[in-house]
Every structure is written in C-alpha cells, then in structure tokens.
Amino acid sequence: MALSVRLNLLSSSISRSTASSSSSLPSNAVITFSSTIPSVSFFSSKPSLLASPKLPLRASCFSSIKASLSSSSSTAIAEPEGIKINSIPTKPIEGQKTGTSGLRKKAKVFMQENYLANWIQALFNSLPPEDYKNGLLVLGGDGRYFNREAAQIIIKIAAGNGVGKVLVGKEGILSTPAVSAVIRNRKANGGFIMSASHNPGGPEYDWGIKFNYDSGQPAPESITDKIYGNTLSINEIKVADIPDVDLSRLGVTKYGNFSVEVVDPVSDYLELLESVFDFQLIRSLLSRSNFRFIFDAMHAVTGAYAKPIFVDKLGASLDSILNGVPLEDFGHGHPDPNLTYAKELVDIMYGENGPDFGAASDGDGDRNMILGQNFFVTPSDSVAIIAANAQEAIPYFHSGPKGLARSMPTSGALDCVAEKLNLPFFEVPTGWKFFGNLMDAGKLSICGEESFGTGSDHIREKDGIWAVLAWISIIAYRNKDKKLGEKLVSVCDVVKEHWATYGRNFFSRYDYEECESEGANKMIEYLRDLVSKSKPGEKYGSYTLQFADDFKYTDPVDGSVVSKQGVRFIFTDGSRIIYRLSGTGSAGATVRVYIEQFEPDVSKHDVDAQTALKPLIDLALSISKLKDFTGREKPTVIT
Ligand SMILES: O=P(O)(O)OC[C@H]1O[C@H](O)[C@H](O)[C@@H](O)[C@@H]1O
Ligand SMILES: [Mg+2]
C-alpha cells in the first residue's frame, strides 16, 4: 500500500523550536486593569498553586480576576448565595467566527486581552437561559498549552452567568469523545472542549474551543452563527469572584449556589465502552502471546485513556503504549494520526517483524488510524469493514446497525456494504456534525469520514479508541477459535477478504496546504463554472461524465439545506474526482483533491493505489488547472 508522502514539509510543521516546557516563554496568565477596559497579560512570573509536576508552572488567574473585581472597571451585579458576580467591561474583537469544529486560532491570539472571555460570554448571550441557568455543563480538553488557564476563565464566566455546576476532567483532561459521553451520561446541558484537535500545541501553535449541546453533539450552525454575532456587539463579561479551582483533586467544591466537580476523565467513558464491546473477547486476543498490539497516543489526550483501557482492563502489555503521557506541546509533535505525522508508529509497523496491529489517535482523541503488519487501512475502508462485521463482533450492534453514513468525499466502500446488508444509507457533507441528526432520529448507527474519523451513535462525536476497539473486536472474533500457536487472521487478511467480497474502492487524497487563498478560491470558482456548463455523457479522456455538481445536502431529519460542499465529477464507471477547500486549516487555503475508482476484479486488487489511480489523478489536475491557479507543482501530503 502506498504510504502517505510528505512531499514538501511546511516550515510550520517542522520548525518546532519552542515548546511549552521552555521556561523562557510566556506561560503565565495575569489579568491586569487599565482605567476602563481590563487587559490581560500573560507575562507574570508568579508560580501557580495548581501547577502539576509534569507541566510548566502557570500563574493563577485568581489573583488577577480578583483584582478586577475590586477595580473601578468592574461592577458587582449580583451576590446570590455568597458569590459575587462582576460585570467587566469589554469591547468586540474581530474574527471570532466559529469554523467546522469550533473557534481555532493560535494560542497567542486566545491569550490576548479578553479574547477567550469574550467568546465564552458571547456563547452565554446566545443560548436560551433555560439551556444553562442552574444547569450542568461539562468542561474538558486535550491537555494542550493554555488549557489550564482557559479552564479557570471558563469556570468563572459560567458561574457568573448562573450555571449551577461545572463538571471538569481532572487536570482539565477529557477527550472529545469522553466529553460527549459525559454530557450524555450525566444528562448535562452541554459542554466545552478545549482543543485544536490534531493541530500542534504550544505557545507558537494552535488552541481551540468548541461547545457541544445536550445530546453530546457540536452546537449547530444556528448557535455558532449567533455566537459570532454576539462577539461583534459584546460589551460586558460576567465573572464570578471565586478562587481558581484545584483541578488536580477529584471531588466537589461549592461556592454558594455554584459548584465544580472534578471528575476522573476515564470512568464514564470506559463504562460506556464496556457496554458497547465484548471486553472478554478483546482480552482474549490482546493477551495472546502471538498477537502483538501497539497504540500510539502521540503524547496527546488518549495517553490518559490508553493504560486504564488497553492495559489495565484489556490485558495489553504496558510497553504496547507509545507516547502515552499527554504533554502540553504533544512532545513537539503534530498529533494527527496519519502516515505522515504518526511516523514513529508507521516505522514500527513497516519495520522488520512489526507488530500485528497498530493504531494511533489525535490530539483530542476523536481521530484514528488503523494499521496491520506492513499494512495501512484507509479510513474509507475502515468504516466499511467495521460496518460489515459489526453485528457479529460488537454486542452493541447485535441486532444489526440501523443505518450507515459517510461524508461525501469518503470512498464508496461503505455504500457497497449498505447495499449488500440492505441498510439505510446517507451521504452527508464533510463534518461530523452532520451525522448527529440522523443518529438522534434513530436512522444511523455507524459512520465515518476519509479524514480518519470513525464512530457510532454511542456518542455524538467520532471516537478514536472506539474505532481501535471495533477493529480489535473484529480480529478477535475471527480468531476466537484459533488454538495456541495457530496462524491468526490478520488485519491484511480481513481487508483483502472484504475487497474480494465487495470490490475495492481505490482512494487517495491530495492536499495542497497553505496555498494563497486568492488562487485557491479562483480555482473553486472556475470548477463551479465548469460544472454549471457540464453535460452528462461528455468525454474526459477515457472517462465519460455521469454528472458534475457542487454538493448540496438536505438534512432528511430537519430539512435544513447546506450548499457548496465540494465540487464533484462523477463518471459512468463510478470513478469520482472531488475538490474542496479545507474548513480546518489555520493559515491560507488548503486545497483537497479526492480521487476514487472502483475495482470489482479481485485479480486487480493487489496494486498500489497511486498506480491504480494515476490516470484519474492526472485528469483531476488537468480539469482543475490546479498548477496554474495555485502555483503548486506537487501536493504537500498524499494520503
Ligand atoms: O475541512 P477539512 O480540513 O477537510 O477537515 C475535515 C474534518 O475536520 C474535522 O476533523 C472534523 O471533525 C471532521 O468531521 C472533518 O471531516
Ligand atoms: Mg480531533
């Protein structure tokens, strides 16, 4: 299989000269006040009472926020049950528009005067009061740089706005799937996730915040648009005068009517996974002497989950966990589980006598990559294979999945499974949020995206550890009757058998990162124009056009419509070329080109995807005039 090739490493991803652990860097947050508008500076040398031994010292926000409360700039607006709430004047800040997965900016931007506080207050200004007043909100994150300070700011503003209780992960840690699980399990009104997902962390890198609603699902655009609107007119922040919460100790602390509970980040989530999977079955595989498993937590949030789940519960050996300590800067890494950034794992799996099963997860634990010995499972194949095997290998699906879904650019491998199993099938735009309505309506059980996201309706986020357990369940089920020493069915065997049954969807994605926005936008405009003039039956080299369009989606549950979700050229043999601009990049524009070709003939399955797709890739580049528009000779990443 072709490896993802990093053809031209961008300086932003390799020059990791600074890290959060460097003591010379500004790492402390102190809020000071000018005559009218409070300003935040992050350059105090005061040590924090909250600092953990593993992480750099940070100043407590407490003293500064306290200072604000006594300063003339803030006004006490209420004192319910002993909490003093202050109104701090502020001014709108431009650019706080929420993207695909929350608000993402450089950490330094979030650390600017009131930047985070404004957004949090704008969020409360946007929610109906009954959605949070005296309610329960969850708070967690991936452990990246600035999360600890951010957690204190969020807790104080939540209290200031009348939230009844905040449930926060110990040390501020909760993976994205765990937040979704906790919201659902504790019947919370919603929750905050402090993460920039798979983007690097540290003073020079990214930070992010996302709000999920009571089903555990990211807030819909109707809410995020409102938040943005409110960031443009905000003039006060309501902050409770309470001390910083000690995030290192489990338990409840009360402040008048408001309370904070620090919870174990693993227990609710683990309990849920135990209800989904057959842990005995998984244990039977992981404890086999002839099955070697390795999980790369990439020094990100799943480091907090890997040992309790894989080792303590499921019997994997401790040395099967790679990079298992969550670090504020992900150990100077780029916590994205793909063949480029999870290189350490890939080298092990493709090295001499590599393990039988390898997996990695991203910064906040919702993405996954699955590998066998010398073998990469594409995310598009992965979801299809999980769906095809779920009923027999995973107890949660024992009566069969209700329906299947994928994002539009994801390959059609899942479609073939839905057809064969006669299951309802949905194609949604890129973005996990589009699966939520279908799940809530009981129409969807298993879904996935080519962008290394796989999951099910056990929660409302994609789930990296869930995907790993799903795969191990499948391998364990296939091998459950194997005697000691007998050759086991491998990851590669499972995939090839799947291709033999359903056909193989060759798939590749070309990424052109950090292009000039102007050229990239012009290219998409050009393609839209081409699409509007296109006619079925037109010849494109040896391919015949079935149709071309700009993907538009009507949600079958609430009827909402989203358009301009990616330009598609679909040919009569089922081949597809898709172009879209990334919604998650933090600089310039990232052009993504997705290429897919279906091959039913099993004798042609053992071909490298890049070789099989070469004619279609050449066609994709010539149709779009990509070189002319972007000036790029080659992609930055090929998956
Ligand atoms: O817009 P892109 O950069 O292609 O990113 C797309 C992906 O971004 C995030 O990971 C979302 O959670 C995914 O649901 C989405 O598929
Ligand atoms: Mg993520």
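Just follow the structure's listing: the first ligand is 1, and inside any ligand the first atom is 1. Every value quoted in this text rests on a predicted model; they were computed, and no experiment measured them. Along the sequence shown, residues are numbered consecutively beginning with 1.
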Parallel, tilted or perpendicular: rings of W466 and H458 (30°, 60°):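 If you compare the ring of H458 with that of W466, the planes turn out parallel.
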
Aromatic plane relationship, F569 with F571 - under 30° parallel, 30 to 60° tilted, over 60° perpendicular: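 Rings of F571 and F569: parallel, as their planes differ by under 30°.
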
Atom indices of ligand 1 within 4.0 angstrom of [X] heavy atoms, with elements:
X    : value
S451 : 7 (C), 15 (C), 16 (O)
G583 : 1 (O), 2 (P), 3 (O)
W432 : 14 (O)
T430 : 6 (C), 15 (C), 16 (O)

Side chains of [X] and [Y]: do they bring a donor and an acceptor to under 3.5 Å?
X    : Y    : value
N185 : D268 : yes
S197 : D364 : yes
N212 : S180 : no
Y579 : R568 : no

2.8 Å cut-off met by an N, O or S atom of T176 to the Mg ion (ligand 2):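 Not a single backbone or side-chain N, O or S atom of T176 is under 2.8 Å from the Mg ion (ligand 2).
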
Within reach of ligand 1, part of S582 (heavy-atom separation under 4.0 Å):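 The part of S582 near ligand 1 is both the backbone and the side chain.
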
Looking at [X], pick out the N, O or S atom nearest to the Mg ion (ligand 2) and give its name.
X    : value
D364 : OD1
D366 : OD1
D362 : OD2

The one among K462, R367, E461 that brings a heavy atom closest to atom 11 (C) of ligand 1: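 Minimum heavy-atom distance to atom 11 (C) of ligand 1 goes to K462.
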
Nearest option to atom 15 (C) of ligand 1, as decided by whichever heavy atom of E449, R592, R580, E513 sits closest: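 Heavy atom nearest to atom 15 (C) of ligand 1 belongs to E449.
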
Pair Y305 + Y269: ring centers closer than 6.0 Å: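 Yes - the distance between ring centres of Y305 and Y269 falls below the 6.0 Å cut-off.
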
Validation row, ring centre Y396 to ring centre F277 under 6.0 Å: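 No, the ring centres sit 6.0 Å or more apart.
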
Ligand 1 contact by G431, heavy-atom criterion under 4.0 angstrom: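 Yes, G431 has heavy atoms under 4.0 Å from ligand 1.
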
